[in-house]
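Here the structure is laid out as structure tokens; the discussion comes afterwards.
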Amino acid sequence: MISIKHLSKTFKNPGGTTLTVLKDVNCEIDKGEVISIIGPSGTGKSTLLRAINMLEPPTSGEIWVDGENITAKGYPLHKMRRKMGMVFQSFNLFEHMTVLENIIYAPMKLLSLPDDQAKQEAMELLRKVGLAQKADVYPSSLSGGQKQRVAIARSLAMHPEVVLFDEPTSALDPTMVGEVLSVIRSLAKEGLTMLIVTHEMRFARDVSTRIFFMNEGIIYEDGTPEQIFEHPVHSATKAFVNRIQKLTYEIDSDAFDFLQMETEIKQFWIKYNLPDKVDVAEEIAIDMLHKHLKAFRPLTFRLSYTELSSETAMDFMVEGLSSSPITDPSVLDGIRAKARALIEEPTAKGFRIKILL
């Protein structure tokens, strides 16, 4: 359906220097595929999507859609864009129009759909994204997740053969991410061809038929979700898909800024949408840091979250010990009752208590 050949994109900076974002990208995309594009920030993921839709015309190379070279000089881009929808990070809804009016505007203007048919199809789409009751409200009254679902419905209203999603959840509060991902999952089951730039690793693994891992401006690795997440070929791919987000604190005395630490930890929970872990983690951390391990300062406290497996852990590391600093079995049993697992183990420098939440 889409064939990309030797695609490159170079931007000219105001100072006269150049930045090459895409470097000789080549791939074939078949009808019905759901491809998630993952990789570090700044590696050309969004630029690739924008090039496919010719919002960023490539510097060199070709893009073929349904057997037509859309990069050829004089190609009528409006013809391609009727086949290809795009959902951006920002919602770009018309604030002076109701939700229904936002959705019917393009089909009536560009596809010449009659008013009744456009409204009927729009309501079907709103039901699909769970927002039929919001048809007559204005975007200002919607949450971020609801606005993005309207944006998806608006894109589908043009009957696209392929939809491009450019980090559709990046501008959302973590609590709203799930509702948008749920809509995209349902579209994947219907066989719609989709390319999705995302940082949601578990979602990419669950919904995709293929994964592009982009690094340094190229498709570094291309494979099934199982290949990319379980058996990556390149070390850079392996490091990325197994990313661990961490907060680490060296606590040496009562003068340590515990209030600042608590604020940062709460932001950590919000960022990674882990509200179910907050209360039990806070309870365990307070007991460990202010009671059971207070006599063993200095110590290192680390909170970690593994994105792919969603494993959340708290580590308490005390240097210079060869055995556990907690000798009361009832304390350990109390922690085990609150946590998923408790691991005690010596390290090269001391002893660690690892608590999996």
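Partner Y75 forms a side chain to side chain contact (heavy atoms under 4.5 Å, CB included) with one of H78, K73, K79 and no other, that one being K79.
Nearest heavy atoms, L356 versus A313: CD2-CB, 3.6 Å. Contact record, I219 with C27: CD1-CB, 4.0 Å, taken as the closest heavy-atom pair. Considering every non-hydrogen atom in both S143 and M176, the closest pair reads CB-CE, 3.7 Å. Taking each heavy atom of N102 and M97 in turn, the nearest pair found is ND2-O, 3.3 Å. Residues A132 and M123 come closest through the heavy atom pair O-CE, 3.8 Å. When all heavy atoms are compared, the tightest approach of T193 to D30 is CG2-O, 3.9 Å.
Residues I228 and T237 have side chains in contact (heavy-atom distance under 4.5 Å, counting atoms from C-beta outward). Side-chain contact between E95 and S140 is present, with heavy atoms from C-beta onward closer than 4.5 Å. F229 places a side-chain heavy atom less than 4.5 Å from the side chain of I211.
Between S170 and Q89, the side chains place a donor N or O and an acceptor N or O closer than 3.5 Å (distance only, hydrogens not considered).
Partners of F268 according to the ring pair (Phe, Tyr, Trp, His ring centres under 6.0 Å) rule, which considers only residues two or more places apart in sequence or in another chain, are Y272.
Under a 3.5 Å cut-off, the side chain of Q117 and the backbone N or O of P114 do not form any donor-acceptor pair. Looking at T209, its side chain does come within 3.5 Å of a backbone N or O of V34 through a donor-acceptor pair. T263 places a side-chain N or O within donor-acceptor distance of the main-chain N or O of L259, the cut-off being under 3.5 Å. The closest donor-acceptor contact from the side chain of R210 to the backbone of D222 lies at 3.5 Å or more, if one exists at all.
At a threshold of 4.0 Å, the pair K354-D315 counts as salt-bridged, since one of the basic side-chain nitrogens sits closer than that to a carboxylate oxygen. Taking 4.0 Å as the cut-off between side-chain N and carboxylate O, D116 and K119 do not count as a salt-bridged pair.
Around atom CD of E345, more than 12 heavy atoms belonging to other residues, nucleotides or ligands sit under 6.0 Å away.
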Worked verdict on L192 versus L156 for side-chain contact (heavy atoms from CB on, under 4.5 Å): CA-CA 10 Å; L192 182 66; L156 296 175; 3.7 Å; yes
Using side-chain contact (heavy atoms from CB on, under 4.5 Å), reason through K45 and H199 one step at a time and then give a plain yes or no.
CA-CA 11 Å; K45 303 185 299 296; H199 288 285; 4.1 Å; yes
Can you list, pair by pair, the side-chain donor-acceptor contacts under 3.5 Å of residues 178-189, counting residues two or more places apart and other chains?
{"unit_1": "E179", "atom_1": "OE2", "unit_2": "Q146", "atom_2": "N", "d": "3.3"}
{"unit_1": "E179", "atom_1": "OE2", "unit_2": "R149", "atom_2": "NE", "d": "3.4"}
{"unit_1": "E179", "atom_1": "OE2", "unit_2": "R149", "atom_2": "NH2", "d": "3.0"}
{"unit_1": "S186", "atom_1": "OG", "unit_2": "V183", "atom_2": "O", "d": "2.6"}

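Other cluster members for L113: L110, L111, M158, joined by side-chain heavy-atom distances under 4.5 Å among Ile, Leu, Val, Met, Phe, Trp and Tyr.
Within the cation-pi definition used here (under 6.0 Å to the ring centroid, within 45° of the axis), K277 does not qualify as a partner of W269. Both tests pass for R243 against the ring of F240: distance under 6.0 Å to the centre and angle within 45° of the axis.
Taking the six-membered ring where the residue is Trp, Y249 and F301 present parallel rings, their angle staying beneath 30° rather than reaching 60°.
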